[in-house]
Protein chains: 2
Amino acid sequence: MKQESRKEEIVRVAAKLFKEKGYSAVTMRDLAKAMGIKAASLYNHIKSKQDILKTIIISLAEEFTEGMQQIQASNENCIDKLNKIIELHVKISSQNIYGMASLNNDWMHLEEKLDYYQKLRSDYENDFRSILNAGIASGEIVNVKPDVMMFSILTTLRSLYIWIPKKEDINLNDLSNTLSQILINGINK
Amino acid sequence: MKQESRKEEIVRVAAKLFKEKGYSAVTMRDLAKAMGIKAASLYNHIKSKQDILKTIIISLAEEFTEGMQQIQASNENCIDKLNKIIELHVKISSQNIYGMASLNNDWMHLEEKLDYYQKLRSDYENDFRSILNAGIASGEIVNVKPDVMMFSILTTLRSLYIWIPKKEDINLNDLSNTLSQILINGINK
DNA sequence: CATGTTAACTAACAACTGTTAGTTTCGTTT
DNA sequence: AAACGAAACTAACAGTTGTTAGTTAACATG
């Protein structure tokens with residue numbers, strides 16, 4: 001159990017506030033009050049408000065990129081790759097509920113790192129799309145607009161951070177399995 | 001073709017800016033510049049910044065409520081009700097792409113109308129849930145966690161505003177049908 | 001004990017925030 | 001021609017914003 005540094009604590013508390021009100025609506029004085037210190041004291045630990053956002057978002061985006069690369073490299077079939085993607089989102093989202101809110105809602109407020117973030121995201125989507133296309137080609141997956149499929153699955157997975165906290169005593173394996181069933185087999189009997 | 005009032009124009013332009021940067025990050029001076037006037041001049045037409053947000057969000061939320069009530073009142077089977085809900089979201093979202101962004105991301109910045117909005121939203125979700133439960137009871141719908149089904153379908157539909165603008169020359173009927181197929185029957189072959 | 005580091009503090013800054021008051025311009029109606 | 005209303009303007013406000021500078025207290029290391 002490694003000790004959390006003061007900077008990490010600030011980033012964690014900031015992410016929580018960012019989830020509730022959004023990056024722009026949270027002031028450094030809000031954050032300081034939540035930390036029990038004065039706003040100026042924050043700057044002993046962090047470079048800027050912008051730097052906090054960058055730390056939150058980029059580390060998460062890189063976690064997704066890494067996970068996707070491992071899935072792509074494996075030689076499982078397409079449905080199993082999709083199941084792995086679902087597990088990846090459930091895992092990362094449940095471990096960092098607050099950060100996921102920033103990733104989804106406040107990425108446009110990244111400044112220097114905006115281009116880098118957008119590249120990671122579009123690479124991720126391209127990988128996702130190519131899994132679906134391979135599944136269509138091999139006959140594993142039904143042949144209807146892969147873009148709509150991707151949109152549907154990915155927005156569900158990207159919104160997990162909203163929904164997971166509402167369920168108490170949730171079992172993450174159960175959740176992954178249920179999502180797999182619903183997203184892949186639908187709800188029709 | 002009814003003429004757009006100056007106030008409606010301001011609300012429309014504001015919604016566009018809110019979509020790009022979020023409510024909090026858009027200043028009245030930003031909005032004025034986009035309108036080609038000075039910030040103070042906005043107040044000849046609108047009461048406050050808050051009032052703009054309220055106008056955008058509440059009218060949309062009421063549109064959804066009205067649509068859901070009609071669907072509930074009809075005596076179609078559950079799957080057909082779900083198809084109607086999908087059509088409702090596609091229709092409203094495509095007609096008001098910018099407003100949907102505020103509805104999804106900036107509702108927490110409503111002040112006096114926050115409680116009202118939250119009531120509309122939870123009523124909507126309750127209606128949705130009861131359709132799913134009826135479908136499970138009648139054997140139309142597979143019996144797995146209705147909350148996960150609702151979450152999955154509803155977040156996809158709520159995110160349409162992000163995705164529709166990326167597709168040029170999209171046919172809205174096609175989109176509704178494709179979404180129905182994917183959300184209800186899944187992607188498995 | 002002396003020294004250095006960490007992390008808090010107070011005070012202040014220049015810029016920006018939403019908004020109000022009062023004024024001007026200009027086309028339309030009396 | 002006079003009066004009116006709509007819609008723009010300038011100027012200003014009080015409060016808030018992110019951030020910097022310089023200082024102080026507590027504690028660990030030489």
Side-chain angles (χ1 to χ4, degrees), chain A residues 2-58 98 101-102 105-114, chain B residues 2-58 98 101-102 105-114:
Chain A
K2 85 147 185 278
Q3 185 73 10
E4 184 185 47
S5 76
R6 198 77 169 130
K7 165 159 183 175
E8 284 165 343
E9 194 185 350
I10 290 173
V11 170
R12 178 173 55 78
V13 171
K16 186 168 185 172
L17 298 184
F18 292 168
K19 189 200 170 202
E20 283 158 19
K21 308 172 48 177
Y23 173 75
S24 302
V26 174
T27 72
M28 296 304 278
R29 285 166 181 84
D30 290 337
L31 176 54
K33 182 166 272 180
M35 291 290 299
I37 59 178
K38 292 296 160 84
S41 305
L42 293 168
Y43 289 83
N44 285 321
H45 307 280
I46 53 104
K47 229 178 62 202
S48 64
K49 187 188 181 189
Q50 176 66 206
D51 190 53
I52 298 175
L53 185 70
K54 187 192 76 187
T55 303
I56 294 170
I57 292 182
I58 297 299
Y98 301 129
S102 299
N105 303 323
D106 288 318
W107 57 266
M108 72 283 274
H109 299 116
L110 289 171
E111 291 166 8
E112 323 101 64
K113 290 284 181 179
L114 178 59
Chain B
K2 84 149 187 277
Q3 185 73 9
E4 183 186 47
S5 76
R6 199 76 169 128
K7 166 160 181 174
E8 286 165 342
E9 194 185 351
I10 290 173
V11 170
R12 178 173 54 79
V13 172
K16 187 167 183 172
L17 298 184
F18 292 167
K19 190 199 170 204
E20 283 159 18
K21 306 171 50 177
Y23 173 74
S24 303
V26 174
T27 72
M28 296 304 276
R29 285 168 181 84
D30 290 337
L31 176 53
K33 183 166 273 180
M35 291 289 299
I37 59 178
K38 291 296 159 83
S41 305
L42 293 168
Y43 289 84
N44 286 321
H45 307 280
I46 53 106
K47 231 177 61 201
S48 63
K49 187 187 181 188
Q50 176 66 206
D51 190 53
I52 298 175
L53 185 69
K54 187 192 78 188
T55 304
I56 294 170
I57 293 182
I58 298 298
Y98 301 130
S102 299
N105 303 324
D106 288 318
W107 58 267
M108 71 284 274
H109 299 117
L110 289 171
E111 291 166 11
E112 323 102 64
K113 291 284 181 180
L114 178 59

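Each chain gets a letter, A, B and so on, in the order the sequences are listed, and its residues count up from 1.
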Legend entry - Of residues 40-52 of chain B, the positions that come close to DNA chain C - non-hydrogen atoms, cut-off under 4.0 Å: B:Ala40, B:Tyr43, B:Ser48, B:Lys49
Legend entry - Interatomic distance, B:Gln50 atom CD to B:His109 atom NE2 [nearest 0.5 angstrom]: 9.5 Å
Inset, instruction - Only counting residues at least two apart or in another chain, list the ones meeting side-chain contact (heavy atoms from CB on, under 4.5 Å) with B:Val13. - result: B:Leu31, B:Ala34, B:Met35
Legend entry - Nearest-0.5 Å distance, NZ of residue A:Lys54 to CD1 of residue A:Ile56: 12.0 Å
Inset, instruction - Check whether any side-chain heavy atom of A:Ile46 lies under 4.5 Å from a side-chain heavy atom of A:Met28, and answer yes or no. - result: yes
Legend entry - B:Trp107 vs B:Leu53 side-chain heavy atoms within contact, under 4.5 Å: no
Inset, instruction - Name every residue in residues 29-37 of chain A that has at least one heavy atom under 4.0 Å from any atom of DNA chain C, in order of residue number, or write none if there are no such residues. - result: A:Arg29, A:Ile37
Inset, instruction - Output the distance between atom NZ (B:Lys16) and atom OH (B:Tyr98), rounded to the nearest 0.5 Å. - result: 4.0 Å
Inset, instruction - Report the distance from atom NZ of B:Lys47 to atom NZ of B:Lys7, rounding to the nearest 0.5 Å. - result: 8.0 Å
Legend entry - Which residues share a side-chain contact (heavy atoms from CB on, under 4.5 Å) with A:Lys33, sequence neighbours left out: none
Legend entry - Distance, nearest 0.5 Å, that separates NZ of B:Lys113 from CD1 of B:Ile58: 6.0 Å
Legend entry - Range on DNA chain C touched by chain A - first to last nucleotide, heavy-atom distance under 4.0 Å: C:dA7 to C:dA12
Inset, instruction - Quick one: do B:Tyr23 and B:Met108 satisfy side chain to side chain contact (heavy atoms under 4.5 Å, CB included)? Show the steps, please. - result: CA-CA 10 Å; B:Tyr23 173 74; B:Met108 71 284 274; over 6 Å; no
Legend entry - Spacing of CZ belonging to B:Arg6 relative to NE2 belonging to B:His45, to within rounding of 0.5 Å: 5.5 Å
Inset, instruction - Answer yes or no: is there a side-chain heavy-atom contact under 4.5 Å between B:Ile52 and B:Thr55? - result: no
Legend entry - Positions of residues 11-28 of chain B (non-hydrogen atom under 4.0 Å from DNA chain C), listed by number: B:Val26, B:Thr27, B:Met28
